[in-house]
2 protein chains.
Amino acid sequence: MPYLRTCPPQPEPIDCRILTAALDLFVENGYHNVSIHEVQKRAGVSIGSIYNYFGGKEGIAQALYKHILKELDDLVDSVVAEYASPWQQCASLIRQLFGYTETHRNIIAFIFHAKHNEFLSEDPLATLSQPFIKMRSIIKKGIECGEFIALDPWVMSASVFGGAIRLIQLRLDGMLDQPLPYYEEMLLKTIETGIRKP
Amino acid sequence: MPYLRTCPPQPEPIDCRILTAALDLFVENGYHNVSIHEVQKRAGVSIGSIYNYFGGKEGIAQALYKHILKELDDLVDSVVAEYASPWQQCASLIRQLFGYTETHRNIIAFIFHAKHNEFLSEDPLATLSQPFIKMRSIIKKGIECGEFIALDPWVMSASVFGGAIRLIQLRLDGMLDQPLPYYEEMLLKTIETGIRKP
DNA sequence: CAAAATAGAATGAATGTTCATTCTTGTCAA
DNA sequence: TTGACAAGAATGAACATTCATTCTATTTTG
């Protein structure tokens, strides 16, 4: 079951096994290159069970997407609760995303390295989901409270998170020799220098 | 024919018509959601012609990919030839990519907003292609000549181009109200501040 | 005239889904 | 306590559809 911060129940119920198997296959091969019979085999369940729980292939992907976005949302909430300053919130969030890219690779990949609109008909733009909205809200607060320079919030958001997302994708593509925490303070330094109000 | 800086021949030969039709359909719907008969109809050619010229569906995508990467490569070369300083090269490249995102949307989308490894078996990582290698080479020169701070080249590359790529994707997803040139100087300002050696 | 290009119907493998059947669990009545 | 029954979960073979590709016939070109 694709949790970031929780332990999966044991024994794992059928629906969780389907989601875990599907996540691994979708990330490894791309949604469209995975047949539902492959998910079935990897999860060790019957074809009919998949339809019973999720209504079909897209239903699996939709459930995965919502579930992982909820996990991300909780992560953003915890960061906001733990730190007072918008910069610290951004920095901590990037550190945690980098850490999870190393430890929960497929979960991060499913949200940050996929074209959801190619296989989801409902709400396929991750950037319109709660966690991303909250991330932009942190940026706006940073501008309002004078910690960040006052530029367009989309620009500021791209400046803060664009480089981090890029490194995550490069790591997932196998381009980087080191785990992401190796690069993290360097990246945070350039971001901070670029967006902090002098 | 998906050129950035050239005018297409008239009358357009069959292979160019196939590539143009496929580009539009692949970008609009995602490679896997487009059937070869749809490409056929949009290009106004026969099914057999497609196999004659490109060997199959993947052959079309591969030809598009190579062709557009060559266009990008030429763009990078022209920028390097026109400007002496690495920062000016980066800034000009980002400006031009933003401009082309507005005027040649599908060409930019095919390279910067797609998961090539889901439909190409040959060289599917754009970041390993010539234009991207040259972009990183500009970064390395910036570090060597002392214009940029001396951090890991992958980090610097993500800091310079990560935010720009993110804004391109947001624009392609319809998130931004304004055309990209509206945001460009703001973004360049934060990037430059973050990576310039004091 | 022969070779290459073009057209489009036919092909069959692959895929997502359905559906009849079986299994499991809980409830109720004797 | 046990057996019958009902409901829902689980199964997997069969099905319908779609798709990329092949093949055959025709047209065009050198």
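We use all heavy atoms of the structure for the numbers below, so side chains are in, but hydrogens, waters and symmetry mates are not. Numbered from 1 within each chain, the chains take letters A, B, ... in sequence-line order.
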Asks: Of the candidate nucleotides dT15(C), dA20(D), dA7(C), which contains the atom at the shortest distance from the side chain of Y51(B)?
Replies: dA20(D)
Asks: Whole-Å distance between dT22(D) P and Q40(B) CD?
Replies: 16 Å
Asks: Y51(B) ring centre to K57(B) NZ or CZ under 6.0 Å, with the angle to the axis within 45°?
Replies: no
Asks: Go through dG16(C), dA10(C), dT6(C) for me and flag the one nearest to the H37(B) side chain.
Replies: dA10(C)
Asks: Which of the following nucleotides, dT6(C), dA9(D), dT22(D), is nearest to the side chain of N52(A)?
Replies: dA9(D)
Asks: For K57(A) and dT18(C), what is the distance between atoms NZ and P respectively, to the nearest whole Å?
Replies: 15 Å
Asks: Would you mind reading off the distance between K41(A) atom NZ and dT11(D) atom P, rounded to a whole angstrom?
Replies: 14 Å
Asks: H32(B) has an atom NE2; how far is it from atom C1' of dA14(C), in whole Å?
Replies: 14 Å
Asks: Looking at W154(A), is its backbone amide N or carbonyl O close enough to the side chain of R136(A) to form a donor-acceptor pair, meaning the two atoms are under 3.5 Å apart?
Replies: no
Asks: Between Y53(B) and G55(A), which residue's closest nucleotide on DNA chain C lies nearer the 5′ terminus?
Replies: Y53(B)
Asks: Rounded off to whole Å, could you give me the CD1-to-P distance for the I50(A) and dC19(C) pair?
Replies: 18 Å
Asks: Taking for each residue the nucleotide of DNA chain C bearing the nearest heavy atom, is the 5' side occupied by G48(A) or by V34(A)?
Replies: V34(A)
Asks: Can you spot which of K197(B), R196(B), K140(B) makes a salt bridge (Lys or Arg N to Asp or Glu O under 4.0 Å) with E147(B)?
Replies: R196(B)
Asks: Rounding to an integer number of Å, can you tell me how far I14(A) CD1 sits from dG12(D) P?
Replies: 11 Å
Asks: Nearest whole Å is fine: how far is dT26(D) P from I47(B) CD1?
Replies: 20 Å
Asks: Mind checking if G56(A) touches a base, just sugar-phosphate, or nothing, with heavy atoms under 4.0 Å?
Replies: sugar-phosphate
Asks: Round to the nearest Å and state the distance from I36(A) atom CD1 to dT15(C) atom P.
Replies: 12 Å
Asks: Would one find a side-chain N or O of S46(B) under 4.0 angstrom from OP1 or OP2 of dA7(C)?
Replies: yes
Asks: Check every strand shown and say whether S35(B) touches a base, only sugar-phosphate, or nothing at a heavy-atom separation below 4.0 Å.
Replies: sugar-phosphate
Asks: Step through it carefully: locate the ring centre of Y3(A), locate the ring centre of H67(A), and say whether they are under 6.0 Å apart.
Replies: yes
Asks: Report the residue (S49(A) or N33(B)) whose heavy-atom-nearest nucleotide on DNA chain D is the more 5′ of the two.
Replies: S49(A)
Asks: Examine F132(A) together with F112(A) and report whether their ring centres are nearer than 6.0 Å.
Replies: yes
